[in-house]
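One structure is given here, and the rest of the page talks about it.
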Amino acid sequence: MNTDTVTPDKSELPSGADDEKYTISGTINGQPVKAEPNETILHCARRYGVYIPTLCELDDIDHFPGTCRVCVVEITLPDAKASHLATSCNTPMVEGIEVKTRTRQVREAQRLQVELILADHNQDCATCVRHGNCELQDVAQFVGLYENRFFDPVRVAARPIDDSSPAMIRDMTKCIRCQRCIAMCRDGQGVDALIRTGIGQDSAVGLRFGLSQKESTCVSCGQCVLVCPTGALGERDETDKVLNYLYDPDIVTVFQFAPAVRVAFGEEFGLPPGSNVQGQIIAALKQMGADIVLDTNFGADLVIMEESAELLHNLKQGMKPTFTSCCPAWINFAERHFPEILPHLSSTKSPMQSLGVIAKTYLPEKMNIDPAKIRVIAIMPCVAKKDEAVRAQLQFEDGSSEVDTVLTTREFARLLRREGLDIAKLEPSEFDNPYMSEFSGAGAIFGTTGGVMEAAVRTMYYVANGKEYGKIEFEQLRGFDGIRTASVDMGGPIGIVKVAMAHGLKPARVLAQQVKDGKSDFDFIEIMACPGGCVDGGGNLRSKKAYMPNALKRRATLYTIDRQQKVRQSHNNEQIKALYRDFLGKPYSDKAHQLLHTMYNDRKLHLTRSVREIWSEINMSTMVY
């Protein structure tokens, strides 16, 4: 029987394979399959559960197909006299095609290609942060690579390592030139800071105009880190710094962790996406010797009090729109790409920084602790938070930091493993600080797109009218569209407030440009740099960017936490009330301004025409955009 003409039984097809759109018949490893027009072999094989290794392909973003050439398969086309090898990620299924993924020729070709990729790749895998969680290692194991005949240590040593940024390190000794990061930066986020430079073995990933990571237009959103298959891109590791704090008996360690961390961190230890491991995180921190464990959700409630008061003040003054200021990558983006809109940014600090300030002022006063001994460590789903913590505007007058160290979710996982702790095996514990451990449901939903807006609306209405809004949840503010808009009736003298939300920097650019051009009629705009918000932050578990299913599960858990809280509005948090009564006075007071508000700087890259021309002349023949 000629298998390429057999129509498979519908019961054997994957879900949806019997749809009318699947009009092309072929075979994969002798089994009949159906494909839609222009569907690649790789995509079709995945639908049928056939594994084909690849290092350059991205699920969600258009990329540079075929750059790694590891996904080769053997194909025989109709009327062809012989089979030949082809890359499955950019070869379409055609009627009557025969595809073989498990032949000796395929295996040898894949093995050779991986060996060539490793020829100028750093071989010190044991010290790499990706060791044991590296796509290149996995593929090398799959193809059966046991030696590397072509390794050139001299060429590896010549490749650059850029550690100029306080947030990220770009290590080209570990780059395999897959160009995923370039695709994510350009097509996914619209920042377009990364480019490919050079040709052949001299090609690498660099920053535009030959700038360093710190000086470039990169905003440290970390989405490129999420898609990097190796250790070429990563956050600056500060786990040793935190261990030094923990081991020093003279230091009082104050840990805080963000709302999104509790619903994303469990995945690092094999738990289902969206699992709420808040109690296990507290238990792990206490077991490691943390002196005080706080919740960034408390800081989120504090931010809502300040930001709501600020927005109402701006509305009364006829100033609009006001942008939220919680996302540090968005702040970087505004300062470096749209400095013209900086006057529209809320001056309220982020929840992380607000909690850091209060932990070094109000908390030591209450607990009779020397503020000089306190070190605040924040665990965040974000790489840009490392940038934020070292901003000059966010330091005390004596030069000390409001937040001393930021660990991404990935770093925190490494820290726990170094201490021999498995989050999945720990009994949950509870927050126990009597001054700063309570949080509202509004604080919890900060971790997803639209959450800041919804939390703010709950409190703004109360502040404006002296009574609670008739409903708690605002479905019109929820969703995963890149840009969402709504109108909220604030009642009284405020009336209708027009709001907009964007997640991902490509949609954010659209709203920023409208404001810059004077074409926006919104009163309040929420921006989150990462798609989905913090639940898909650049500091979370790495992936090939099929982010939507996990982000949705994480978001759903945050909404569940919100619904389960006895208090769901920030202004009803009793510890927040006590903080204002005993320390700050009232929202937007002089003391609140001094401690909880900040300013922004124009950091746009201004190149002279001559610099641009020289760069273009030097790189025109070697630079690939």
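If you're wondering where the values come from, they're calculated on a predicted model, not measured in any experiment.
How far CG of Leu558 is from CD1 of Ile445: 8.5 Å, rounded to the nearest 0.5 Å. Distance CG/Leu407 to NZ/Lys241: 9.5 Å, rounded to 0.5 Å. Taking OG of Ser354 as the reference point, atom CZ of Phe298 lies at 10.5 Å (rounded to 0.5 Å). Separation of atoms CG (Leu55) and CG (Asp138) is listed at 9.5 Å; rounding is to 0.5 Å. For the atom pair CE (Met172) and CZ (Arg177), the distance works out to 10.0 Å, reported to the nearest 0.5 Å. Distance CG/Leu246 to OG1/Thr239: 11.0 Å, rounded to 0.5 Å.
More than 12 heavy-atom neighbours from other residues, nucleotides or ligands sit within 6.0 angstrom of OH on Tyr51.
The closest side-chain heavy-atom distance from Ile52 to Val70 is not below 4.5 Å. Ile292 places a side-chain heavy atom less than 4.5 Å from the side chain of Ile369. Counting heavy atoms from C-beta on, the side chains of Val403 and Ser401 never come closer than 4.5 Å. Two residues are said to be in side-chain contact when any heavy atoms from C-beta on lie closer than 4.5 Å; Leu363 and Tyr435 meet this criterion. Taking the side chain as every heavy atom from C-beta outward, Cys326 and Pro351 approach each other to under 4.5 Å. Considering only heavy atoms from C-beta on, Gln223 comes within 4.5 Å of Cys530 through its side chain. Annotation: side chain of Cys221 is not in contact with side chain of Val191 (no heavy-atom distance under 4.5 Å).
Residues satisfying the side-chain contact (heavy atoms from CB on, under 4.5 Å) criterion with Leu271, sequence neighbours excluded, are Ser275, Val277, Ile423, Ala424. Cys382 pairs by the side-chain contact (heavy atoms from CB on, under 4.5 Å) definition with Pro328, Met380, Ala384, Lys385, not counting sequence neighbours. Residues that satisfy the side-chain contact (heavy atoms from CB on, under 4.5 Å) test with Thr40, not counting sequence neighbours, are Leu42, His43. Remark: Glu419 pairs with Leu243, Tyr247, Met288, Leu421 by the side-chain contact (heavy atoms from CB on, under 4.5 Å) rule, at least two apart or across chains.
Salt bridge present: Lys349 and Glu402 bring a charged side-chain N and a carboxylate O closer than 4.0 Å. Using a cut-off of 4.0 Å between Lys/Arg side-chain N and Asp/Glu carboxylate O, Asp171 and Lys174 are scored as salt-bridged. Salt bridge annotation for Arg410-Glu235: present, with a cationic side-chain nitrogen under 4.0 angstrom from a carboxylate oxygen. At a threshold of 4.0 Å, the pair Arg478-Glu454 counts as salt-bridged, since one of the basic side-chain nitrogens sits closer than that to a carboxylate oxygen. Remark: Asp240 engages Arg418 in a salt bridge, criterion side-chain N to carboxylate O under 4.0 Å. Between Lys577 and Glu574 there is a salt bridge, since at least one side-chain N of the basic residue sits less than 4.0 Å from a carboxylate O of the acidic one. With salt bridges taken as basic N to acidic carboxylate O contacts below 4.0 Å, none links Asp163 and Lys214. Here Glu473 pairs with Arg568 in a salt bridge; the nearest charged N to carboxylate O distance falls below 4.0 Å. Taking 4.0 Å as the cut-off between side-chain N and carboxylate O, Arg375 and Asp291 do not count as a salt-bridged pair.
Side chains of Glu388 and Ser350: a donor-acceptor N/O pair is present below 3.5 angstrom, by distance only. A donor-acceptor pair shorter than 3.5 Å cannot be found between the side chains of Asn276 and Thr557. Of the N and O atoms on the side chains of Asn572 and Gln569, at least one donor lies less than 3.5 Å from an acceptor on the other residue. At a cut-off of 3.5 Å, with distance as the only test, a side-chain donor of Arg484 or Thr449 sits close to an acceptor on the other residue. Side-chain N/O atoms of Glu526 and His503 include no donor and acceptor closer than 3.5 Å.
Of all heavy-atom pairs between Thr54 and Val139, the closest is O-CG2, 4.4 Å. Shortest non-hydrogen contact noted between Leu426 and Ala284 is CD1-CB, 3.6 Å. In this structure, Gln137 and Arg130 approach most closely via the heavy-atom pair OE1-O, 4.2 Å. Counting all heavy atoms, side chain and backbone alike, Arg111 lies closest to Val143 at NE-O, 3.1 Å.
The backbone N or O of Ile527 lies less than 3.5 Å from a partner atom in the side chain of Thr324, making a donor-acceptor pair. Judged by distance alone, with hydrogens and angles left aside, the side-chain atoms of Thr127 form a donor-acceptor pair with the main-chain N or O of Asp124 at under 3.5 Å. Between the side chain of Ser88 and the backbone N or O of Cys71 there is at least one donor-acceptor pair closer than 3.5 Å. In terms of modelled atom types and a separation under 3.5 Å, the side chain of Gln110 and the main chain of Phe142 share no donor-acceptor contact. Under a 3.5 Å cut-off, the side chain of Glu306 and the backbone N or O of Val303 do not form any donor-acceptor pair. Within the 3.5 Å criterion, the main-chain N or O of Thr348 finds a donor-acceptor partner in the side chain of Ser325.
Legend: salt bridge (charged side-chain N to carboxylate O under 4.0 Å, His left out) pairs involving residues 424-447, not counting sequence neighbours, sorted by first then second residue: Lys286-Asp432.
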Considering only distance and modelled atom types, tabulate donor-acceptor pairs under 3.5 Å from the side chains of residues 254-270, sequence neighbours left out.
{"from": "Gln256", "atom 1": "OE1", "to": "Thr296", "atom 2": "OG1", "distance (Å)": "2.8"}
{"from": "Gln256", "atom 1": "NE2", "to": "Met352", "atom 2": "O", "distance (Å)": "3.1"}
{"from": "Arg262", "atom 1": "NE", "to": "Pro259", "atom 2": "O", "distance (Å)": "3.1"}
{"from": "Arg262", "atom 1": "NH1", "to": "Gln278", "atom 2": "OE1", "distance (Å)": "2.8"}
{"from": "Arg262", "atom 1": "NH1", "to": "Asp295", "atom 2": "OD2", "distance (Å)": "2.9"}
{"from": "Arg262", "atom 1": "NH2", "to": "Phe257", "atom 2": "O", "distance (Å)": "3.2"}
{"from": "Arg262", "atom 1": "NH2", "to": "Ala258", "atom 2": "O", "distance (Å)": "3.2"}
{"from": "Arg262", "atom 1": "NH2", "to": "Asp295", "atom 2": "OD1", "distance (Å)": "2.7"}
{"from": "Glu267", "atom 1": "OE1", "to": "Arg554", "atom 2": "NH2", "distance (Å)": "2.7"}
{"from": "Glu267", "atom 1": "OE2", "to": "Arg554", "atom 2": "NE", "distance (Å)": "2.8"}
{"from": "Glu267", "atom 1": "OE2", "to": "Arg554", "atom 2": "NH2", "distance (Å)": "3.2"}

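Between Glu411 and the options Lys386, Arg236, Arg417, a salt bridge (Lys or Arg N to Asp or Glu O under 4.0 Å) holds for only Lys386. Residue Asp404 is tested with Ile377, Val376, Ile374 for a side chain to side chain contact (heavy atoms under 4.5 Å, CB included); the sole match is Val376.
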Checklist entry - Should Gln575 and Ser437 be marked as a side chain to side chain contact (heavy atoms under 4.5 Å, CB included) after you check the CA-CA gap, both sets of side-chain angles, and the distance that decides it? => result CA-CA 8 Å; Gln575 291 181 348; Ser437 59; 3.7 Å; yes

Item to check | Stepwise side-chain hydrogen bond (donor to acceptor under 3.5 Å, both in side chains) test for Ser440 and Asn573 | outcome: CA-CA 6 Å; Ser440 73; Asn573 182 331; 5.6 Å; no

Item to check | From CA spacing to verdict: side chain to side chain contact (heavy atoms under 4.5 Å, CB included), Gln189, Phe333 | outcome: CA-CA 11 Å; Gln189 289 289 70; Phe333 184 78; over 6 Å; no

Item to check | salt bridge (charged side-chain N to carboxylate O under 4.0 Å, His left out) between Arg414 and Asp237, worked out | outcome: CA-CA 10 Å; Arg414 293 197 292 272; Asp237 190 284; 2.7 Å; yes

